[in-house]
Amino acid sequence: MHWLHYLAPVADLAARLWVAKIFWAAGMVKLQSMTATVMLFKHMYHVPLLPPVWAAYLGTGIEIVFPVLLAFGLAGRFAAGFLFIYNVITVISYPQMGISGMMDQVPWGIFLLFTTVYGPGIFSLDYGLKKFWKYGKRMANT
């Protein structure tokens, strides 16, 4: 079973891409009609501490920018942690979601929490930049 260790980076990447695709798609739907999105935030989603119009635009921006960071693994832990908190706020803000909606949010939250704690893995820009940075420092010291 030692060979399963080699599948871990693929699993990291698959989890990041899956969750990123979900949030990206939601952002694209919101972006298609910001008028409808603002109405949803005024009448259905009740984001604490933010006016509905701000929440609509901020939520749409988050769902477009952060999934890209997550997918590429750039600032991967930050992006995953931010989306994890966003996911929790989504559940709080939309209590009418019901149990089936909640069952979607739980695995997303688990994958996001996992990436926040363990990092985006070797198939990420974070990993590549870290290696490049170490190599550059090593070359500068010689």
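Not measured: the values here are computed from a predicted model.
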Practice task
Begin with the C-alpha distance, continue with both residues' side-chain angles, and end with the deciding distance and a verdict on side-chain contact (heavy atoms from CB on, under 4.5 Å) for I62 and F23.
Solution key: CA-CA 9 Å; I62 288 168; F23 280 95; over 6 Å; no

Exercise for the section: Say whether, by atom type as modelled, one donor and one acceptor occur between the side chain of R16 and the main chain of G121 under 3.5 angstrom. Expected result: no

Distance-only donor-acceptor pairs under 3.5 Å for side chains of residues 31-45, two or more places apart:
| residue | atom | partner | partner atom | Å |
| --- | --- | --- | --- | --- |
| S33 | OG | A36 | N | 3.3 |
| T37 | OG1 | K30 | O | 2.8 |
| T37 | OG1 | S33 | O | 3.0 |

Handout entry: Any E63 side-chain heavy atom under 4.5 Å of V29 side chain
Key = no

Problem - L4 and L7, any side-chain heavy atoms less than 4.5 Å apart - result: yes

Exercise for the section: With side-chain contact (heavy atoms from CB on, under 4.5 Å) as the test, would you mind laying out the steps for L83 and W108 before giving the verdict? Expected result: CA-CA 9 Å; L83 285 172; W108 305 342; over 6 Å; no

Hey, quick one: are [X] and [Y] part of the same hydrophobic cluster, counting side-chain heavy atoms closer than 4.5 Å, chains of contacts allowed?
{"X": "V68", "Y": "V19", "value": "yes"}
{"X": "Y86", "Y": "M102", "value": "yes"}
{"X": "F114", "Y": "F82", "value": "yes"}
{"X": "I64", "Y": "L70", "value": "yes"}
{"X": "L69", "Y": "Y127", "value": "no"}

Using every non-hydrogen atom in the two residues, find where [X] and [Y] come nearest and quote the distance to one decimal.
{"X": "P120", "Y": "D12", "result": "O-CB, 3.7 Å"}
{"X": "L112", "Y": "A80", "result": "O-CB, 3.5 Å"}
{"X": "R77", "Y": "T115", "result": "CG-O, 3.7 Å"}
{"X": "F111", "Y": "A15", "result": "CD2-CB, 3.7 Å"}

Problem - Atom pair CD1 (I85) and CG (L113), whose distance is rounded to the nearest 0.5 Å - result: 10.5 Å

Fill in the blank from the handout: d(H46 NE2, Q96 CD) to nearest 0.5 Å is 5.5 Å

Handout entry: Ring geometry between H2 and H5 (parallel below 30°, tilted from 30 to 60°, perpendicular above 60°)
Key = tilted

More than 12 heavy atoms from other groups under 6.0 Å of [atom1] on [X]:
{"X": "W18", "atom1": "CH2", "answer": "yes"}
{"X": "F72", "atom1": "CZ", "answer": "no"}
{"X": "L49", "atom1": "CG", "answer": "no"}

Fill in the blank from the handout: Quick note, salt bridge (Lys or Arg N to Asp or Glu O under 4.0 Å) partners involving residues 102-130, not counting sequence neighbours, are none

